[in-house]
There are 2 protein chains.
Amino acid sequence: MAREKRATPGRKAAKAPEERIRARNEAAILKAAVNLFARKGFDGTRIAEIAKASKLPKANVYYYFETKEAIYARLIERLLSGWDSALEHIRADREPREAIADYIAAKLEYSRKNAVESRFFANEMLRGGGFLSRTQRRHIQDVTHERVEVVENWIREGKLRKIDPKHLFIMLWASTQFYADSAEVAAMTLDRTSLRRTDYDNARDTIVDVILGGCLPVAGEHGPTND
Amino acid sequence: MAREKRATPGRKAAKAPEERIRARNEAAILKAAVNLFARKGFDGTRIAEIAKASKLPKANVYYYFETKEAIYARLIERLLSGWDSALEHIRADREPREAIADYIAAKLEYSRKNAVESRFFANEMLRGGGFLSRTQRRHIQDVTHERVEVVENWIREGKLRKIDPKHLFIMLWASTQFYADSAEVAAMTLDRTSLRRTDYDNARDTIVDVILGGCLPVAGEHGPTND
DNA sequence: TCAGAAGTTGACTTTTTGGTCAGCTTTTGG
DNA sequence: CCAAAAGCTGACCAAAAAGTCAACTTCTGA
(Lines give C-alpha, C1' and ligand atoms only; values in the text may rest on other atoms or scores of the structure.)
Protein backbone atom coordinates (compact mmCIF):
# COMPACT_ATOMS: atom_id res chain seq x y z
CA MET A 1 0.00 0.00 0.00
CA ALA A 2 0.89 3.70 0.00
CA ARG A 3 2.61 3.55 -3.31
CA GLU A 4 3.46 7.21 -3.71
CA LYS A 5 4.70 8.93 -6.82
CA ARG A 6 8.16 10.38 -6.81
CA ALA A 7 7.90 13.75 -5.11
CA THR A 8 10.57 15.36 -7.24
CA PRO A 9 9.85 15.07 -10.93
CA GLY A 10 13.18 16.74 -11.72
CA ARG A 11 15.94 15.03 -13.62
CA LYS A 12 17.67 13.26 -10.76
CA ALA A 13 14.66 12.10 -8.71
CA ALA A 14 16.58 11.57 -5.50
CA LYS A 15 14.37 9.13 -3.64
CA ALA A 16 13.79 9.10 0.06
CA PRO A 17 15.75 6.43 1.91
CA GLU A 18 12.58 4.61 2.92
CA GLU A 19 11.40 4.46 -0.63
CA ARG A 20 14.34 2.36 -1.70
CA ILE A 21 13.40 -1.05 -2.90
CA ARG A 22 15.34 -2.91 -0.26
CA ALA A 23 13.82 -0.93 2.59
CA ARG A 24 10.35 -1.33 1.22
CA ASN A 25 10.56 -5.06 0.70
CA GLU A 26 12.29 -5.77 3.96
CA ALA A 27 9.56 -3.83 5.67
CA ALA A 28 6.91 -5.87 3.90
CA ILE A 29 8.58 -9.10 4.89
CA LEU A 30 9.02 -8.05 8.51
CA LYS A 31 5.45 -6.90 8.72
CA ALA A 32 4.16 -10.17 7.39
CA ALA A 33 6.54 -12.11 9.58
CA VAL A 34 5.67 -10.41 12.85
CA ASN A 35 2.03 -11.19 12.23
CA LEU A 36 2.69 -14.84 11.64
CA PHE A 37 5.22 -15.22 14.42
CA ALA A 38 2.77 -13.57 16.77
CA ARG A 39 0.12 -16.13 15.95
CA LYS A 40 2.07 -19.29 15.34
CA GLY A 41 5.42 -18.74 16.97
CA PHE A 42 8.80 -19.32 15.48
CA ASP A 43 8.56 -23.04 14.82
CA GLY A 44 5.04 -22.82 13.54
CA THR A 45 5.70 -20.18 10.92
CA ARG A 46 6.71 -21.25 7.42
CA ILE A 47 8.84 -19.13 5.16
CA ALA A 48 6.39 -19.78 2.37
CA GLU A 49 3.66 -18.24 4.50
CA ILE A 50 5.74 -15.15 5.08
CA ALA A 51 6.40 -14.93 1.36
CA LYS A 52 2.74 -15.26 0.53
CA ALA A 53 1.67 -12.72 3.12
CA SER A 54 4.22 -10.21 1.92
CA LYS A 55 3.28 -10.87 -1.70
CA LEU A 56 6.77 -11.83 -2.71
CA PRO A 57 8.10 -15.06 -4.13
CA LYS A 58 9.76 -17.23 -1.55
CA ALA A 59 13.12 -16.90 -3.25
CA ASN A 60 12.84 -13.17 -2.90
CA VAL A 61 12.40 -13.48 0.81
CA TYR A 62 15.63 -15.43 0.91
CA TYR A 63 17.24 -12.70 -1.13
CA TYR A 64 16.67 -10.29 1.73
CA PHE A 65 17.08 -12.60 4.70
CA GLU A 66 19.53 -15.44 5.09
CA THR A 67 17.30 -17.58 7.26
CA LYS A 68 14.13 -17.58 9.25
CA GLU A 69 16.22 -16.91 12.35
CA ALA A 70 17.51 -13.71 10.77
CA ILE A 71 13.99 -12.39 10.31
CA TYR A 72 13.07 -13.33 13.84
CA ALA A 73 16.21 -11.78 15.29
CA ARG A 74 15.57 -8.52 13.47
CA LEU A 75 12.08 -8.37 14.91
CA ILE A 76 13.30 -9.07 18.43
CA GLU A 77 15.84 -6.31 18.06
CA ARG A 78 13.31 -3.84 16.77
CA LEU A 79 10.89 -4.73 19.53
CA LEU A 80 13.38 -4.35 22.34
CA SER A 81 14.40 -0.90 21.25
CA GLY A 82 10.89 0.18 22.18
CA TRP A 83 10.67 -1.91 25.32
CA ASP A 84 11.44 0.90 27.72
CA SER A 85 9.62 3.77 26.05
CA ALA A 86 6.57 3.53 28.30
CA LEU A 87 8.78 3.28 31.36
CA GLU A 88 10.05 6.79 30.70
CA HIS A 89 7.02 8.03 32.55
CA ILE A 90 8.35 6.59 35.78
CA ARG A 91 10.73 9.39 36.68
CA ALA A 92 12.01 10.49 40.05
CA ASP A 93 11.01 14.10 39.52
CA ARG A 94 7.38 13.27 38.97
CA GLU A 95 4.53 12.64 41.33
CA PRO A 96 3.83 8.91 41.50
CA ARG A 97 0.14 9.43 40.93
CA GLU A 98 0.60 11.05 37.56
CA ALA A 99 3.62 9.00 36.61
CA ILE A 100 1.91 5.67 37.20
CA ALA A 101 -1.31 6.80 35.56
CA ASP A 102 0.60 7.94 32.51
CA TYR A 103 2.56 4.72 32.39
CA ILE A 104 -0.58 2.63 32.45
CA ALA A 105 -2.20 4.75 29.77
CA ALA A 106 0.88 4.55 27.57
CA LYS A 107 1.28 0.81 27.97
CA LEU A 108 -2.36 0.18 27.27
CA GLU A 109 -2.22 2.41 24.24
CA TYR A 110 0.72 0.37 23.05
CA SER A 111 -1.31 -2.79 23.54
CA ARG A 112 -4.07 -1.30 21.47
CA LYS A 113 -1.97 0.02 18.63
CA ASN A 114 0.74 -2.61 18.57
CA ALA A 115 -1.13 -5.72 19.55
CA VAL A 116 0.81 -7.74 17.02
CA GLU A 117 4.21 -6.83 18.40
CA SER A 118 2.98 -7.47 21.90
CA ARG A 119 1.79 -10.92 20.92
CA PHE A 120 5.03 -11.59 19.16
CA PHE A 121 6.91 -10.84 22.34
CA ALA A 122 4.52 -12.91 24.40
CA ASN A 123 5.12 -15.81 22.08
CA GLU A 124 8.84 -15.48 22.52
CA MET A 125 8.32 -15.58 26.27
CA LEU A 126 6.23 -18.70 25.97
CA ARG A 127 9.13 -20.21 24.08
CA GLY A 128 11.26 -19.42 27.10
CA GLY A 129 12.90 -16.31 25.73
CA GLY A 130 15.71 -18.34 24.25
CA PHE A 131 16.17 -15.90 21.42
CA LEU A 132 17.10 -13.04 23.67
CA SER A 133 20.81 -12.43 23.74
CA ARG A 134 22.64 -11.94 27.00
CA THR A 135 22.92 -8.26 26.14
CA GLN A 136 19.21 -7.98 25.52
CA ARG A 137 18.41 -9.66 28.80
CA ARG A 138 20.68 -7.29 30.60
CA HIS A 139 19.01 -4.39 28.87
CA ILE A 140 15.64 -5.44 30.19
CA GLN A 141 17.05 -5.94 33.64
CA ASP A 142 18.91 -2.64 33.69
CA VAL A 143 15.97 -0.61 32.50
CA THR A 144 13.72 -2.29 35.01
CA HIS A 145 16.11 -1.79 37.87
CA GLU A 146 16.44 1.85 37.09
CA ARG A 147 12.70 2.33 37.44
CA VAL A 148 12.43 0.07 40.45
CA GLU A 149 14.77 2.45 42.20
CA VAL A 150 12.53 5.36 41.37
CA VAL A 151 9.62 3.56 42.97
CA GLU A 152 11.72 2.62 45.98
CA ASN A 153 12.53 6.25 46.39
CA TRP A 154 8.90 7.22 46.28
CA ILE A 155 8.24 4.69 48.99
CA ARG A 156 11.05 6.09 51.13
CA GLU A 157 9.63 9.54 50.68
CA GLY A 158 6.30 8.28 51.88
CA LYS A 159 4.69 8.99 48.54
CA LEU A 160 3.79 5.36 48.08
CA ARG A 161 2.80 2.60 50.45
CA LYS A 162 5.38 -0.03 51.16
CA ILE A 163 4.96 -2.36 48.23
CA ASP A 164 7.44 -4.57 46.43
CA PRO A 165 8.21 -2.47 43.34
CA LYS A 166 9.25 -5.41 41.19
CA HIS A 167 6.01 -7.25 41.70
CA LEU A 168 4.19 -3.99 41.17
CA PHE A 169 5.81 -3.60 37.78
CA ILE A 170 4.91 -7.15 36.93
CA MET A 171 1.31 -6.37 37.79
CA LEU A 172 1.39 -3.37 35.51
CA TRP A 173 2.96 -5.24 32.62
CA ALA A 174 0.65 -8.17 33.00
CA SER A 175 -2.52 -6.14 33.30
CA THR A 176 -1.78 -3.95 30.32
CA GLN A 177 -0.38 -6.61 28.02
CA PHE A 178 -3.27 -8.92 28.64
CA TYR A 179 -5.46 -6.72 26.47
CA ALA A 180 -3.18 -7.44 23.54
CA ASP A 181 -1.93 -10.96 24.19
CA SER A 182 -5.20 -12.43 25.36
CA ALA A 183 -7.51 -10.08 23.55
CA GLU A 184 -9.92 -12.93 22.90
CA VAL A 185 -10.39 -13.73 26.56
CA ALA A 186 -10.71 -10.05 27.33
CA ALA A 187 -13.30 -9.70 24.60
CA MET A 188 -15.21 -12.73 25.84
CA THR A 189 -15.24 -11.34 29.34
CA LEU A 190 -16.56 -8.01 28.11
CA ASP A 191 -19.17 -9.64 25.84
CA ARG A 192 -17.58 -8.35 22.70
CA THR A 193 -16.44 -9.96 19.51
CA SER A 194 -13.43 -7.71 19.54
CA LEU A 195 -12.17 -4.97 21.81
CA ARG A 196 -13.22 -1.41 21.15
CA ARG A 197 -11.65 1.84 22.09
CA THR A 198 -14.00 2.33 25.00
CA ASP A 199 -12.94 -1.02 26.37
CA TYR A 200 -9.36 0.16 26.48
CA ASP A 201 -10.48 3.39 28.10
CA ASN A 202 -12.41 1.53 30.75
CA ALA A 203 -9.49 -0.79 31.26
CA ARG A 204 -7.22 2.16 31.79
CA ASP A 205 -9.56 3.78 34.28
CA THR A 206 -10.00 0.59 36.23
CA ILE A 207 -6.33 -0.30 36.32
CA VAL A 208 -5.31 3.21 37.28
CA ASP A 209 -8.00 3.28 39.91
CA VAL A 210 -7.10 -0.03 41.48
CA ILE A 211 -3.34 0.36 41.26
CA LEU A 212 -3.29 3.88 42.63
CA GLY A 213 -5.80 2.98 45.30
CA GLY A 214 -3.55 0.14 46.31
CA CYS A 215 -0.30 2.07 46.14
CA LEU A 216 -0.90 5.58 47.30
CA PRO A 217 -0.70 6.29 51.01
CA VAL A 218 -3.94 6.03 52.94
CA ALA A 219 -4.05 9.71 53.87
CA GLY A 220 -6.90 11.93 52.71
CA GLU A 221 -8.03 11.41 49.17
CA HIS A 222 -7.33 8.17 47.41
CA GLY A 223 -8.17 8.64 43.79
CA PRO A 224 -9.62 10.90 41.13
CA THR A 225 -12.38 13.06 42.51
CA ASN A 226 -14.86 12.27 39.76
CA ASP A 227 -17.10 9.47 40.90
CA MET B 1 8.07 -45.15 33.98
CA ALA B 2 6.14 -46.45 36.97
CA ARG B 3 5.85 -49.92 35.60
CA GLU B 4 4.16 -51.57 38.56
CA LYS B 5 3.54 -55.22 39.09
CA ARG B 6 -0.04 -56.38 39.10
CA ALA B 7 -1.35 -55.78 42.60
CA THR B 8 -3.54 -58.85 42.71
CA PRO B 9 -1.68 -62.04 41.85
CA GLY B 10 -4.93 -63.98 42.08
CA ARG B 11 -6.44 -65.70 39.10
CA LYS B 12 -8.51 -62.85 37.83
CA ALA B 13 -6.12 -59.91 38.30
CA ALA B 14 -8.75 -57.22 37.97
CA LYS B 15 -6.71 -54.15 37.14
CA ALA B 16 -7.55 -50.61 38.07
CA PRO B 17 -8.99 -48.59 35.16
CA GLU B 18 -6.02 -46.25 35.18
CA GLU B 19 -3.63 -49.13 34.92
CA ARG B 20 -5.00 -50.16 31.59
CA ILE B 21 -2.55 -49.89 28.79
CA ARG B 22 -4.60 -47.44 26.82
CA ALA B 23 -5.04 -45.08 29.74
CA ARG B 24 -1.37 -45.17 30.57
CA ASN B 25 -0.15 -44.53 27.08
CA GLU B 26 -2.68 -41.83 26.33
CA ALA B 27 -1.63 -40.12 29.50
CA ALA B 28 2.01 -40.30 28.49
CA ILE B 29 1.24 -38.86 25.08
CA LEU B 30 -0.90 -36.06 26.48
CA LYS B 31 1.72 -35.16 29.05
CA ALA B 32 4.43 -34.96 26.44
CA ALA B 33 2.14 -33.06 24.10
CA VAL B 34 1.05 -30.39 26.55
CA ASN B 35 4.68 -29.61 27.26
CA LEU B 36 5.51 -29.21 23.61
CA PHE B 37 2.34 -27.32 22.71
CA ALA B 38 3.01 -24.97 25.61
CA ARG B 39 6.44 -24.11 24.26
CA LYS B 40 6.01 -24.29 20.52
CA GLY B 41 2.31 -23.97 19.94
CA PHE B 42 0.16 -26.17 17.78
CA ASP B 43 1.79 -25.53 14.45
CA GLY B 44 5.27 -25.68 15.85
CA THR B 45 4.92 -29.09 17.48
CA ARG B 46 5.81 -32.22 15.49
CA ILE B 47 4.16 -35.54 16.08
CA ALA B 48 7.59 -37.13 16.05
CA GLU B 49 8.60 -34.88 18.93
CA ILE B 50 5.56 -35.95 20.92
CA ALA B 51 6.40 -39.56 20.19
CA LYS B 52 9.97 -39.14 21.28
CA ALA B 53 9.04 -37.26 24.45
CA SER B 54 6.50 -39.89 25.41
CA LYS B 55 8.96 -42.68 24.60
CA LEU B 56 6.68 -44.34 22.11
CA PRO B 57 7.17 -45.02 18.42
CA LYS B 58 5.47 -42.51 16.21
CA ALA B 59 3.16 -45.15 14.78
CA ASN B 60 1.99 -45.91 18.27
CA VAL B 61 0.99 -42.30 18.82
CA TYR B 62 -1.13 -42.54 15.70
CA TYR B 63 -2.65 -45.70 17.10
CA TYR B 64 -4.07 -43.71 20.01
CA PHE B 65 -4.82 -40.42 18.33
CA GLU B 66 -6.13 -39.87 14.84
CA THR B 67 -4.43 -36.55 14.31
CA LYS B 68 -2.51 -33.83 16.05
CA GLU B 69 -5.76 -31.90 16.31
CA ALA B 70 -7.27 -34.73 18.31
CA ILE B 71 -4.49 -34.52 20.88
CA TYR B 72 -4.81 -30.77 21.06
CA ALA B 73 -8.56 -30.87 21.41
CA ARG B 74 -8.35 -33.36 24.25
CA LEU B 75 -5.96 -31.09 26.09
CA ILE B 76 -8.16 -28.05 25.59
CA GLU B 77 -11.09 -29.99 26.96
CA ARG B 78 -9.16 -31.18 29.98
CA LEU B 79 -7.89 -27.68 30.66
CA LEU B 80 -11.26 -26.00 30.49
CA SER B 81 -12.78 -28.34 32.99
CA GLY B 82 -10.48 -26.76 35.57
CA TRP B 83 -10.87 -23.22 34.32
CA ASP B 84 -13.31 -22.13 36.96
CA SER B 85 -11.97 -23.95 39.99
CA ALA B 86 -10.17 -20.93 41.38
CA LEU B 87 -13.22 -18.74 40.78
CA GLU B 88 -15.14 -20.81 43.33
CA HIS B 89 -13.62 -18.60 45.97
CA ILE B 90 -15.62 -15.64 44.69
CA ARG B 91 -18.89 -16.41 46.41
CA ALA B 92 -21.67 -14.10 47.47
CA ASP B 93 -21.72 -15.37 51.04
CA ARG B 94 -18.09 -14.51 51.64
CA GLU B 95 -16.41 -11.31 52.64
CA PRO B 96 -14.73 -9.80 49.59
CA ARG B 97 -11.47 -9.34 51.42
CA GLU B 98 -10.99 -13.01 52.11
CA ALA B 99 -12.59 -14.19 48.91
CA ILE B 100 -10.34 -12.10 46.70
CA ALA B 101 -7.24 -12.94 48.72
CA ASP B 102 -8.03 -16.63 48.46
CA TYR B 103 -8.69 -16.35 44.76
CA ILE B 104 -5.34 -14.70 44.15
CA ALA B 105 -3.54 -17.26 46.24
CA ALA B 106 -5.26 -20.13 44.46
CA LYS B 107 -4.62 -18.75 41.00
CA LEU B 108 -0.99 -18.08 41.78
CA GLU B 109 -0.58 -21.53 43.21
CA TYR B 110 -2.03 -22.89 40.00
CA SER B 111 0.50 -20.87 38.04
CA ARG B 112 3.26 -22.35 40.14
CA LYS B 113 2.17 -25.97 40.01
CA ASN B 114 0.64 -26.05 36.55
CA ALA B 115 2.82 -23.66 34.65
CA VAL B 116 2.77 -25.93 31.63
CA GLU B 117 -1.01 -25.98 31.33
CA SER B 118 -1.11 -22.25 31.85
CA ARG B 119 1.37 -21.71 29.05
CA PHE B 120 -0.54 -24.09 26.85
CA PHE B 121 -3.65 -22.03 27.30
CA ALA B 122 -1.76 -18.79 26.76
CA ASN B 123 -0.47 -20.20 23.53
CA GLU B 124 -3.96 -21.03 22.39
CA MET B 125 -4.98 -17.45 23.16
CA LEU B 126 -2.09 -16.12 21.15
CA ARG B 127 -3.35 -18.25 18.30
CA GLY B 128 -6.62 -16.42 18.67
CA GLY B 129 -8.47 -19.10 20.56
CA GLY B 130 -9.71 -20.66 17.35
CA PHE B 131 -9.71 -24.09 18.86
CA LEU B 132 -12.31 -23.22 21.45
CA SER B 133 -15.73 -24.45 20.51
CA ARG B 134 -18.74 -22.24 20.80
CA THR B 135 -19.78 -24.24 23.85
CA GLN B 136 -16.44 -23.77 25.47
CA ARG B 137 -16.51 -20.05 24.85
CA ARG B 138 -19.93 -19.83 26.38
CA HIS B 139 -18.71 -21.79 29.36
CA ILE B 140 -15.98 -19.25 29.99
CA GLN B 141 -18.44 -16.41 29.57
CA ASP B 142 -21.07 -17.96 31.81
CA VAL B 143 -18.70 -18.74 34.61
CA THR B 144 -17.23 -15.28 34.43
CA HIS B 145 -20.60 -13.58 34.40
CA GLU B 146 -21.68 -15.49 37.42
CA ARG B 147 -18.73 -14.17 39.40
CA VAL B 148 -19.01 -10.69 37.98
CA GLU B 149 -22.46 -10.55 39.50
CA VAL B 150 -21.09 -11.50 42.88
CA VAL B 151 -18.66 -8.61 42.69
CA GLU B 152 -21.37 -6.26 41.53
CA ASN B 153 -23.37 -7.26 44.55
CA TRP B 154 -20.48 -6.54 46.84
CA ILE B 155 -20.20 -3.11 45.28
CA ARG B 156 -23.90 -2.47 45.78
CA GLU B 157 -23.61 -3.49 49.40
CA GLY B 158 -20.79 -1.00 49.80
CA LYS B 159 -18.29 -3.75 50.51
CA LEU B 160 -16.21 -2.79 47.51
CA ARG B 161 -15.46 0.48 45.83
CA LYS B 162 -17.16 1.17 42.55
CA ILE B 163 -14.92 -0.62 40.12
CA ASP B 164 -15.66 -2.36 36.83
CA PRO B 165 -15.74 -6.01 37.90
CA LYS B 166 -14.86 -7.36 34.48
CA HIS B 167 -11.70 -5.36 34.20
CA LEU B 168 -10.92 -6.27 37.77
CA PHE B 169 -11.09 -9.94 36.89
CA ILE B 170 -8.87 -9.35 33.92
CA MET B 171 -6.35 -7.70 36.21
CA LEU B 172 -6.44 -10.69 38.48
CA TRP B 173 -6.06 -13.22 35.69
CA ALA B 174 -3.32 -11.27 34.03
CA SER B 175 -1.34 -10.66 37.18
CA THR B 176 -1.44 -14.23 38.34
CA GLN B 177 -0.93 -15.93 35.00
CA PHE B 178 2.04 -13.77 34.19
CA TYR B 179 4.11 -15.74 36.66
CA ALA B 180 3.54 -18.86 34.61
CA ASP B 181 3.28 -17.57 31.05
CA SER B 182 6.07 -15.05 31.23
CA ALA B 183 8.08 -16.69 33.96
CA GLU B 184 11.30 -15.67 32.25
CA VAL B 185 10.47 -11.98 32.33
CA ALA B 186 9.33 -12.31 35.91
CA ALA B 187 12.56 -14.07 36.80
CA MET B 188 14.63 -11.44 35.02
CA THR B 189 12.82 -8.70 36.89
CA LEU B 190 13.45 -10.42 40.20
CA ASP B 191 17.10 -11.17 39.40
CA ARG B 192 16.59 -14.87 39.38
CA THR B 193 17.39 -17.59 36.92
CA SER B 194 14.09 -19.20 37.77
CA LEU B 195 11.25 -18.38 40.11
CA ARG B 196 11.33 -19.75 43.63
CA ARG B 197 8.61 -20.39 46.09
CA THR B 198 9.32 -17.18 47.97
CA ASP B 199 8.88 -15.23 44.75
CA TYR B 200 5.38 -16.61 44.41
CA ASP B 201 4.71 -15.80 48.05
CA ASN B 202 5.88 -12.23 47.58
CA ALA B 203 3.86 -11.97 44.41
CA ARG B 204 0.79 -13.11 46.26
CA ASP B 205 1.32 -10.64 49.08
CA THR B 206 1.91 -7.76 46.71
CA ILE B 207 -1.02 -8.53 44.46
CA VAL B 208 -3.38 -9.06 47.39
CA ASP B 209 -2.12 -5.87 48.98
CA VAL B 210 -2.51 -3.72 45.89
CA ILE B 211 -5.78 -5.18 44.72
CA LEU B 212 -7.47 -5.04 48.11
CA GLY B 213 -6.07 -1.59 48.73
CA GLY B 214 -7.54 -0.52 45.45
CA CYS B 215 -10.88 -2.26 45.85
CA LEU B 216 -11.92 -2.10 49.45
CA PRO B 217 -13.77 0.98 50.65
CA VAL B 218 -11.64 3.77 52.02
CA ALA B 219 -13.05 3.54 55.50
CA GLY B 220 -10.85 2.56 58.43
CA GLU B 221 -8.23 -0.05 57.79
CA HIS B 222 -7.20 -0.91 54.26
CA GLY B 223 -5.12 -4.03 54.36
CA PRO B 224 -3.46 -6.69 56.47
CA THR B 225 -2.12 -5.29 59.68
CA ASN B 226 1.28 -6.89 59.39
CA ASP B 227 3.71 -4.35 57.97
C1' DT C 1 -5.94 -73.31 26.42
C1' DC C 2 -6.86 -70.49 22.74
C1' DA C 3 -9.10 -67.34 19.55
C1' DG C 4 -9.92 -62.83 18.98
C1' DA C 5 -9.01 -58.21 20.54
C1' DA C 6 -5.69 -54.90 21.73
C1' DG C 7 -1.32 -53.17 21.33
C1' DT C 8 3.27 -52.56 18.89
C1' DT C 9 6.34 -51.11 15.40
C1' DG C 10 9.77 -50.88 11.38
C1' DA C 11 9.46 -49.67 7.10
C1' DC C 12 7.19 -47.35 3.71
C1' DT C 13 4.86 -43.41 0.82
C1' DT C 14 3.46 -38.84 0.32
C1' DT C 15 3.58 -34.12 1.35
C1' DT C 16 5.65 -30.19 3.08
C1' DT C 17 9.44 -27.37 4.12
C1' DG C 18 13.81 -24.85 4.22
C1' DG C 19 17.01 -23.59 1.31
C1' DT C 20 19.61 -23.01 -3.41
C1' DC C 21 20.64 -21.38 -7.97
C1' DA C 22 21.12 -19.92 -12.65
C1' DG C 23 19.45 -16.81 -15.52
C1' DC C 24 16.49 -13.14 -16.11
C1' DT C 25 14.90 -7.95 -15.55
C1' DT C 26 15.26 -3.50 -13.46
C1' DT C 27 17.69 0.19 -11.42
C1' DT C 28 21.50 3.19 -10.92
C1' DG C 29 25.53 6.12 -11.29
C1' DG C 30 28.54 8.20 -14.25
C1' DC D 1 23.68 5.62 -23.09
C1' DC D 2 25.63 1.72 -20.90
C1' DA D 3 27.85 -1.43 -17.84
C1' DA D 4 27.62 -2.89 -13.33
C1' DA D 5 24.93 -3.52 -9.36
C1' DA D 6 20.71 -4.66 -7.42
C1' DG D 7 16.63 -7.01 -7.65
C1' DC D 8 13.66 -10.91 -9.14
C1' DT D 9 11.99 -15.62 -9.63
C1' DG D 10 10.67 -20.37 -11.53
C1' DA D 11 12.49 -24.47 -10.93
C1' DC D 12 14.90 -27.43 -8.37
C1' DC D 13 16.80 -30.28 -4.33
C1' DA D 14 17.53 -32.62 0.11
C1' DA D 15 15.71 -33.04 4.44
C1' DA D 16 11.99 -33.48 7.40
C1' DA D 17 7.45 -34.07 8.32
C1' DA D 18 2.89 -36.35 8.23
C1' DG D 19 0.57 -40.25 7.74
C1' DT D 20 -0.05 -45.49 6.42
C1' DC D 21 0.26 -50.37 6.82
C1' DA D 22 1.02 -55.18 7.23
C1' DA D 23 3.06 -58.24 10.11
C1' DC D 24 4.06 -59.07 14.61
C1' DT D 25 3.50 -59.64 19.89
C1' DT D 26 0.86 -59.32 24.06
C1' DC D 27 -3.26 -59.35 26.53
C1' DT D 28 -7.94 -60.94 27.81
C1' DG D 29 -12.07 -63.49 28.76
C1' DA D 30 -14.30 -67.67 28.48
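Both backbone and side-chain heavy atoms feed into the values below; hydrogens, waters and symmetry mates do not. All chains are named by letter (A, B, ...) in the order of the sequence lines, taking the proteins before the strands, and each is independently numbered beginning at 1.
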Asker: Do B/Tyr72 and B/Glu124 have side-chain atoms, one donor and one acceptor, less than 3.5 Å apart?
Answerer: yes

Asker: Whole-Å distance between D/dA14 C1' and A/Ile47 CD1?
Answerer: 16 Å

Asker: Among B/Ile71, B/Ile21, B/Leu30, whose side chain to side chain contact (heavy atoms under 4.5 Å, CB included) with B/Tyr64 holds?
Answerer: B/Ile21

Asker: Does D/dG7 have OP1 or OP2 sitting under 4.0 Å from an N or O in the side chain of A/Arg22?
Answerer: yes

Asker: Atom CZ of B/Phe65 to atom P of D/dA18: distance rounded to whole Å?
Answerer: 16 Å

Asker: Across the strands shown, which category fits A/Ala59 at heavy-atom distances under 4.0 angstrom: base, sugar-phosphate, nothing?
Answerer: base

Asker: Tell me if the side-chain of B/Lys58 makes a donor-acceptor pair with the base of D/dG19, cut-off 3.5 Å, by modelled atom types.
Answerer: yes

Asker: Is it the case that the side chains of B/Thr206 and A/Asp164 hold a donor-acceptor pair, with the cut-off being a distance below 3.5 Å and no angle test?
Answerer: no

Asker: When you measure from the side chain of A/Thr67, which nucleotide among D/dG10, D/dG19, C/dG19 comes out closest?
Answerer: C/dG19

Asker: Can you tell me the distance, in whole Å, between the CZ atom of A/Phe42 and the P atom of C/dT17?
Answerer: 15 Å

Asker: Is the centre of the B/His167 ring less than 6.0 Å from the centre of the A/Tyr179 ring?
Answerer: yes

Asker: Could you tell me the separation between the CD1 atom of A/Ile21 and the P atom of D/dA6, rounded to a whole number of Å?
Answerer: 12 Å

Asker: Do B/Arg137 and A/Glu184 meet the salt-bridge criterion of a basic N to acidic O distance under 4.0 Å?
Answerer: no

Asker: Counting only side-chain nitrogens and oxygens, does A/Tyr64 get under 4.0 Å of the OP1 or OP2 atom of D/dC8?
Answerer: yes

Asker: Under 4.0 Å: is that the gap between some side-chain N or O of A/Tyr63 and OP1 or OP2 of D/dG7?
Answerer: yes

Asker: Specify the separation, in whole Å, of atom CD of A/Glu66 and atom P of C/dT20.
Answerer: 7 Å

Asker: Return no unless some side-chain N or O of A/Asn25 is found under 4.0 Å from OP1 or OP2 of D/dC8.
Answerer: yes

Asker: Atom OH of A/Tyr62 to atom C1' of D/dA11: distance rounded to whole Å?
Answerer: 15 Å

Asker: Expressed in angstrom and rounded to an integer, what is the separation of A/Asn60 atom CG from C/dG23 atom P?
Answerer: 19 Å

Asker: Provide, to the nearest angstrom, the distance between the CG atom belonging to B/Asp43 and the C1' atom belonging to C/dT17.
Answerer: 13 Å

